[in-house]
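Here the structure is a predicted model, which means the values were calculated and not measured. Here is the naming used below: chain letters follow the sequence lines, and residue numbers restart at 1 for every chain.
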Amino acid sequence: MSTTDGLLIVLFLALFLAPAPLLGRFFYRVLEGERTWLTPVLRPLERVSYRLGGIDSRQEQRWQQYALALLMFNLVGLLALFLMLLLQAYLPLNPQQLPGLEWTLALNTAISFVTNTNWQAYSGEGTLSYFSQMVGLGVQNFVSAATGIAVLVALSRGLSRRSAEALGNFWVDLTRATLYILLPLSLVLAVLLIWQGVPQTFSAYIDAQTVQGGTQALPLGPAASQIAIKQLGTNGGGFFGANSAHPFENPTALSNLLEMVSLLLIPAALVFTFGHYVKDLRQSRAILACMLGLLLIGIGVSLWAEWQNNPALASLAVEQGASLEGKESRFGITASVLWSVATTAASNGSVNAMHDSLSPLSGLVALFNMMLGEVVFGGVGAGLYGMLLNVLIAVFLAGLMVGRTPEYLGKKLEAREVRLLVVTLLVMPLGVLVLGALAVSVPGPALAISNPGPHGFSQLLYAYTSATANNGSAFGGFGANMPFHNLMQGLAMLLGRYGYILPVLAIAGSLAAKRTVPQGPNSFPTHGPLFVTLLTLTILLVGGLTFLPTLALGPMADQLTLFGGH
Amino acid sequence: MFAHVRPALAMMLVMSLITGVAYPLVVAGIGQAAFASQANGSLIHDSTGQVIGSTLIAQPFTGSEWFHPRPSAGDFATVSSSASNLAASNPALVKRISGSLGKEQGSGPEPLALVMTSGSGLDPHLPPDAARYQIAQIAHARGMPAAELEKLVDEHTERSLIGPSVVNVLQLNLALNEHTP
């Protein structure tokens, strides 16, 4: 580690944390339809959207209506994307004349982008036309992130409204999140990325005559616009197969810093947006402290692990240092580690180094981040509503300990809410343990594994964890593009998305209907160090203990054999 | 349920037009106007106008008169490029590395960047140490003084406040070619 590494870490943290309070307040204002400097430009677009959809923007929805609207919108998006990928050959902007996708791959990809997972069982430059990238995947990058924001906003309203029936209007929340939050930020980032060297062109691939007389096809395309939203919307699906390790996708150390900051920018700001909804920014600071604590622990462990020499290479006549396998020279060790922790904390899933080749413990940190249910900042919107579920669980546990009815922000948690909370606790174990166990038990699926020993098990575990947590990163050697995994991972992604969204909206609806009890001297305060500690321990216990045995079989065994055997 | 069909279809259409068509077109417009070279792939042309590569994409170089880039798991294929995805604990990694030792003639232990494949398979850069390690063999093959090569590597070292120093191998080789064709 050098001073460059230190400066990078400080800048990374500062650049996504410092704007969060202001940005969070801005998000609150635009989501509630207040006038901002963007209103004159975007309000006409917003009006046109409502008029075409026959939407009355003042008409609010109960949670069931809100959920139905969301499901219908996602279903339409899923079908549209699925058909677009199947019929790619007949659609425009396909200069490489790429054929349509095989149906299980098309379905997997469609589910993957609609659920904000962006798992990629294909390689963009070899599989997808510019049309499929822009109008197919690019659009879902925006609206899947906006869907996450909408659900968060509905839950925030549920917590802040008193004896109310409605949670807002899904179409309005979706439109405002897309137009006022995602679109302007993406536009700025996309231009910065082009400046750094990311292509944005509609020309066909170019054949270069190399210096030594060979030919080299240079894949191009409208990459910058897509990469900007894939980072900001915690999507993670790369324009190119190598994702942000590809020099066209992430050309410099500066582009890398910008992309890395963008991973966490919106999730961090939304924590403050929530504070404005419930009119108590102390709640935001407590939640942020918990998230930041878990992020820093992950970064610390992963940095330490990745800077170790690989003992298997000790006897060879090579430089003894941190591994560069699967890493890019312009990023080096520290930026690769920071990215791997941030992308798994944030449910983004883009990579700038190959996670399969990380040291076993760094791989474990990435896996563990996802196993916690993507609540350490997490996906846009999704991370915070996941975190708020943990807050409710922590409050419930605290209530049990002191023998009082648990309450959060003056809302009493009763049997219905707790039952719904338990449903969400089952999502990760179902997707990871049940579907993962199925994949190792029947003959066939395990053929996707490419590394021997415990690491091979880690590859499969990582794949199902990534899908269920809607992350999308992979231990890339895992040959995921086979019908079994395409379909099972598709199932895991749907489970991991709607297995949270529906209970969250139901909880939001039932909380909104409750009266708010005034906070008394006997109320358990949900800010301050005591609660932050309780919340952190709850997340680690609930999320962590469930998966400890699988971590022991995979990355821990991998670490022990690698370091113990030499 | 059916009450939501029309808004869902209409919103999908509107969002597709705004975020899927207008947005990439606007970005392309700004990019082509402000940063045309980068937006078109940072292409390098020879004197006849033929594209000979991109500064951002590694090219394979063989022979001891050239600087060699990071090894590529996909043998520098660009559509699509690939990584080894070998685990640190995979014996195949040790075997591959020990098999590749000695390809570069330098003194001292071989830098990891020259035996470990990059993430993209198209890493255009080398750490400066890994470029210097190759100087002796190039000096010998080209019959040029090592000091001049040192100077060339120095001139092509890109230093960053927030990342490792790197040398662009294609640009370095093009400069080398101009120096002693």
Side-chain angles (χ1 to χ4, degrees), chain A residues 8 49 52-55 68-69 72-73 76 123 125-126 134-135 138-139 142-143 171 190-191 194-195 197 199-201 206 208-210 217-220 222 225 241-242 245-247 251 253 310 312 316-319 324-330 332 353-354 356 359 451 455 476-477 558 562, chain B residues 1 4 6-12 14-16 19-20 23-24 27-28 30-31 35 38-42 50-54 56-57 59 78-81 83 85-90 94 97-98 101 109-113 115-116 118-120 122-127 160 162-164 166:
Chain A
L8 176 67
S49 313
L52 278 174
I55 296 155
L68 276 177
M72 185 55 77
F73 180 68
V76 167
S123 187
E125 65 271 43
M134 275 165 54
V135 188
V139 172
F142 277 96
V143 295
W171 305 112
V191 173
I194 299 178
W195 167 52
Q200 179 79 9
T201 165
I206 287 176
Q209 300 294 323
T210 63
L218 295 169
L220 296 168
S225 54
H246 199 288
N310 184 344
L316 299 182
V318 292
E319 172 198 358
L324 282 174
E325 186 74 14
K327 296 192 184 76
E328 296 285 293
S329 309
R330 63 195 177 283
M354 295 304 125
D356 225 346
S359 69
N451 281 296
H455 191 90
D558 196 16
L562 181 58
Chain B
M1 190 82 203
H4 298 298
R6 179 185 163 198
L9 288 170
M11 289 303 268
M12 200 58 230
V14 175
M15 290 299 155
S16 298
T19 66
Y23 161 69
V27 172
I30 299 174
F35 310 108
Q38 293 98 310
N40 291 313
S42 308
Q50 168 65 42
V51 175
I52 56 170
S54 162
L56 291 175
I57 303 293
Q59 285 186 8
T78 52
V79 185
S80 300
S81 70
N85 283 308
L86 291 175
S89 57
N90 194 332
V94 183
I97 291 177
S98 62
L101 286 179
E110 197 159 336
L112 287 179
V115 295
M116 287 186 153
S118 63
S120 63
L122 299 171
D123 187 346
H125 298 113
L126 277 178
S160 165
I162 48 166
V166 286

Exercise for review: Can you measure from CE (B/M11) to CZ (A/F73) and round to the nearest 0.5 angstrom?
Suggested key: 6.5 Å
Point to revise | Selection from B/A39, B/G163, B/G31 maximising heavy-atom pairs under 4.5 Å formed with chain A | key: B/A39
Practice item. Supply the atom-to-atom distance A/L316 CG to B/S98 OG, rounded to the nearest 0.5 angstrom. Key: 5.5 Å
Check your understanding: Is A/Q209 reaching over with its side chain to a backbone N or O of B/V51, donor-acceptor style, under 3.5 angstrom?
Key -> no
Practice item. Count the heavy-atom pairs under 4.5 Å between each of A/G477, A/P247, A/G126 and chain B, then report the option with the highest count. Key: A/P247
Check your understanding: Given a strict heavy-atom distance threshold of 4.5 Å, which part of B/L126 is in contact with chain A: side chain, backbone, both, or neither?
Key -> backbone
Check your understanding: Is the side chain of B/Q59 donor-acceptor paired with the backbone N or O of A/T210 at a distance under 3.5 Å, no angle test?
Key -> no
Check your understanding: Looking only at heavy atoms, which two atoms of B/I57 and A/H246 are closest? And how far apart?
Key -> CD1-CE1, 3.8 Å
Practice item. Report yes or no: does A/N310 contribute a side-chain atom to a donor-acceptor pair with the main-chain N or O of B/A88 at less than 3.5 Å? Key: yes
Practice item. Identify the heavy atoms of B/P24 and A/M134 that sit nearest to each other, and give their distance. Key: CG-CE, 3.8 Å
Check your understanding: Most heavy-atom pairs under 4.5 angstrom with chain A, which of B/S120, B/A28, B/S54?
Key -> B/S120
Check your understanding: So A/W171 and B/H4, would you call those rings parallel, tilted or perpendicular, with 30° and 60° as cut-offs?
Key -> tilted
Practice item. Quick one: pull up CG in B/N40 and CG in A/L218 and give me the separation to the nearest 0.5 Å. Key: 12.0 Å
Point to revise | B/D123 CG to A/S329 OG distance, which is reported to the nearest 0.5 Å | key: 3.5 Å
Practice item. For B/S118 and A/K327, run side chain to side chain contact (heavy atoms under 4.5 Å, CB included): C-alpha distance rounded to whole Å, both residues' side-chain angles, the deciding distance at 0.1 Å, then the answer. Key: CA-CA 5 Å; B/S118 63; A/K327 296 192 184 76; over 6 Å; no
Review point. Checking A/A69 against chain B: side chain, backbone, both or neither under 4.5 Å from a heavy atom?
Key: both
Check your understanding: Under 3.5 Å, side chain of A/N451 to main-chain N/O of B/A87, donor-acceptor pair present?
Key -> yes
Point to revise | Nearest heavy-atom neighbours spanning A/G53 and B/A10 | key: CA-CB, 3.4 Å
Review point. Are any non-hydrogen side-chain atoms of B/M15 and A/F142 less than 4.5 angstrom apart?
Key: no
Practice item. Give the member of B/A113, B/S81, B/A83, B/S89 that has the highest number of heavy-atom pairs under 4.5 Å with chain A. Key: B/S89
Practice item. Could you check which of B/S16, B/S42, B/P124 has the highest count of heavy-atom pairs closer than 4.5 Å to chain A? Key: B/S16
**Study point:** Residue selection (most heavy-atom pairs with chain B, distance under 4.5 Å) from A/G326, A/G332, A/S49, A/A190
**Key:** A/G326
Check your understanding: B/V14, B/I30, B/N90: which one forms the most heavy-atom pairs within less than 4.5 Å of chain A?
Key -> B/N90
Exercise for review: Determine, stepwise, if the pair B/V166 / A/E328 fulfils side chain to side chain contact (heavy atoms under 4.5 Å, CB included).
Suggested key: CA-CA 10 Å; B/V166 286; A/E328 296 285 293; over 6 Å; no
Point to revise | Heavy-atom pairs under 4.5 Å with chain B, option from A/P222, A/A353, A/S123 with the top count | key: A/S123
Revision key, fill the gap. Heavy-atom closest pair (A/G54 atom, B/R6 atom, distance to 0.1 Å) is N-NH2, 3.5 Å
**Study point:** Exercise: identify the closest heavy-atom pair between A/E125 and B/S80
**Key:** CG-OG, 3.7 Å
**Study point:** Side-chain donor or acceptor of B/S160 paired with backbone N/O of A/A253 under 3.5 Å
**Key:** no
Point to revise | Part of A/L52 lying under 4.5 Å from any heavy atom of chain B | key: both
Exercise for review: Determine yes or no for a side-chain-to-main-chain donor-acceptor pair under 3.5 angstrom, with A/E325 supplying the side chain and B/M116 the backbone.
Suggested key: no
Practice item. Sort out for me which of A/G241, A/P251, A/S359, A/G138 touches chain B most, counting heavy-atom pairs under 4.5 Å. Key: A/P251
Exercise for review: Would you check if the side chain of B/T78 reaches a backbone N or O of A/A217 as a donor-acceptor pair within less than 3.5 Å?
Suggested key: yes
Review point. So how far is it from A/Q200 CD to B/F35 CZ, rounded to the nearest 0.5 Å?
Key: 12.5 Å
Review point. Relative to chain B, which segment of A/V318 carries a heavy atom at a distance below 4.5 Å: side chain, backbone, both, or neither?
Key: both
